[in-house]
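See structure below.
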There are 2 protein chains.
Amino acid sequence: MAANSRLTTAVHALAWMALAGRRGREVMTSEEIAASLATNPVIVRRSLGELRAAGLVASRRGAGWSLTREPEAISVLDVHEALGAEPLFALHPSTPNLECPVGQGIRPVLTEVYAAADAAVRRELADRTIADVLARTLASQETT
Amino acid sequence: MAANSRLTTAVHALAWMALAGRRGREVMTSEEIAASLATNPVIVRRSLGELRAAGLVASRRGAGWSLTREPEAISVLDVHEALGAEPLFALHPSTPNLECPVGQGIRPVLTEVYAAADAAVRRELADRTIADVLARTLASQETT
DNA sequence: CAAACTTGTAACAAGAAATGTTACGATCGG
DNA sequence: CCGATCGTAACATTTCTTGTTACAAGTTTG
């Protein structure tokens with residue numbers, strides 16, 4: 001259970017809110033969203049709370065949650081970054097031996113490699129929006 | 001301490017073995033490698049054990065570890081895959097509500113998005129070899 | 001052959017992160 | 001005012017990573 005499903009939770013919640021909004025329900029409760037995700041409302045509040053800090057959604061106590069932008073204007077990268085986007089790979093847990101030529105010089109090299117991998121992920125996520133995800137989700141069901 | 005530094009450990013170990021090999025020391029002990037990483041020899045044996053299963057290194061009890069390929073022929077992607085390359089993002093921890101249109105159709109869509117991100121990372125890692133990493137590591141020190 | 005060395009692996013501990021749950025104060029809508 | 005809902009803390013559980021000790025199995029060397 002240690003894998004990162006936070007992006008899945010957040011994108012699913014936003015897609016569901018976008019669909020509801022299109023149907024005229026602009027405000028949803030964390031309980032309604034949790035029902036679609038089959039999880040606890042607190043999980044939703046925590047997740048959407050991070051998105052609110054990034055300006056993607058808004059909430060009001062006693063009321064509920066709403067999108068602050070059109071679904072076309074929210075990329076999956078926006079969501080990823082709102083969630084805190086941890087680096088894919090980490091450097092050494094403890095400083096390597098600086099007496100060793102490799103230990104002394106490898107960290108900037110790996111940092112660059114990891115940054116390139118990170119940038120590649122971002123490029124992919126930047127290309128897709130919540131509207132795209134929703135459209136493709138619904139399209140797969142018309143076919144069925 | 002939960003971030004993934006396994007790739008760092010393995011690439012560092014291989015680069016160090018490549019440098020030693022170039023100096024005429026083709027076989028190294030886990031203790032020597034651990035000294036460069038500033039960690040425990042068992043960590044090295046576990047890490048290199050996974051690389052051995054992928055055919056990147058060889059070992060003999062009582063003897064030590066050696067590369068099975070030229071450093072030019074080992075990409076960082078090879079190492080990443082040898083370590084078990086977990087997906088970057090996971091789908092829902094528990095099956096979403098299939099009564100909901102989003103819950104029903106979103107999983108294949110997200111699977112595709114995550115696969116694209118994964119492929120992008122692989123493309124970046126495939127471009128760099130242990131020889132590259134070692135060369136750049138040593139180059140940074142000549143400058144200093 | 002015998003002694004010293006090294007791998008292979010199990011067992012365990014500590015720490016971190018994700019998920020899920022309960023609880024309850026704060027705030028909004030009617 | 002009252003019920004609904006958010007905001008958040010506290011806690012349990014699970015899983016992963018790193019690190020450590022221990023020891024059997026095999027290799028090397030004298």
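If you're wondering where the values come from, they're calculated on a predicted model, not measured in any experiment. Convention: sequence-line order gives letters A, B, ...; per-chain numbering from 1.
Checking the phosphate oxygens (OP1, OP2) of C:dA18, no side-chain nitrogen or oxygen of A:Ser47 falls inside 4.0 Å. Contact annotation: B:Ser30 does not reach the phosphate of C:dT6 (side-chain N/O to OP1 or OP2, under 4.0 Å). The shortest distance between the side-chain N/O atoms of B:Ser59 and the OP1/OP2 oxygens of C:dG8 is below 4.0 Å.
Applying the side-chain hydrogen bond (donor to acceptor under 3.5 Å, both in side chains) definition to pairs two or more places apart or across chains, those involving residues 41-53 of chain B are B:Arg6-B:Glu50, B:Ser30-B:Arg45, B:Arg52-B:Ser59. Listed by first and then second residue, the side-chain hydrogen bond (donor to acceptor under 3.5 Å, both in side chains) pairs that reach into residues 83-100 of chain B are A:His12-B:His92, sequence neighbours excluded. Sorted by first and then second residue, the ring-ring contact (aromatic ring centres under 6.0 Å, His included) pairs with a member in residues 35-80 of chain B read A:Phe89-B:His80; sequence neighbours excluded. Sorted by first and then second residue, the salt bridge (charged side-chain N to carboxylate O under 4.0 Å, His left out) pairs involving residues 18-27 of chain A (not counting sequence neighbours) are A:Arg25-A:Glu32.
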Per-nucleotide protein contact along nucleotides 21-30 of chain C, 5' to 3', at a 4.0 Å heavy-atom cut-off (B base, S sugar-phosphate only, - neither), is BBB-BBBSS-
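When distances are taken from the side chain of A:Thr29 to each of D:dG19, D:dC6, C:dG8, the shortest belongs to D:dC6.
Contact annotation for B:Glu32: no contact, since no heavy-atom pair falls under 4.0 Å across all strands.
At distances below 3.5 Å, not a single donor-acceptor pair connects side-chain atoms of B:Asp127 with backbone N or O atoms of B:Glu124. In this structure, the side chain of B:Thr68 engages the main chain of B:Leu56 through a donor-acceptor pair within 3.5 Å.
Each of B:Gly64 and A:Glu86 lies near DNA chain C, and the nucleotide nearest B:Gly64 is the one positioned closer to the 5' end.
Across the protein-nucleic acid pair, A:Asn4 atom CG and C:dA16 atom P stand 18 Å apart, rounded to whole Å. Whole-Å rounding puts the B:Leu48 CG to C:dT6 C1' distance at 13 Å. In this structure, A:Leu83 atom CG and C:dA17 atom C1' are separated by 14 Å, rounded to whole Å. Atom P of nucleotide C:dG8 and atom CG of B:Leu51 are separated by 12 Å, given to the nearest angstrom. Rounded to whole Å, the distance from CZ on A:Arg6 to C1' on C:dA17 is 9 Å. In this structure, the CE atom of B:Met28 is 21 Å from the P atom of D:dT27, given to the nearest Å. Between A:His92 atom NE2 and D:dT18 atom P the separation is 11 Å, expressed in whole Å. Here D:dT27 presents its P atom at 20 Å from CD of B:Glu31, a figure rounded to the nearest Å.
Judged as a side-chain hydrogen bond (donor to acceptor under 3.5 Å, both in side chains), and not counting sequence neighbours, the contacts of A:Thr129 are A:Asp132.
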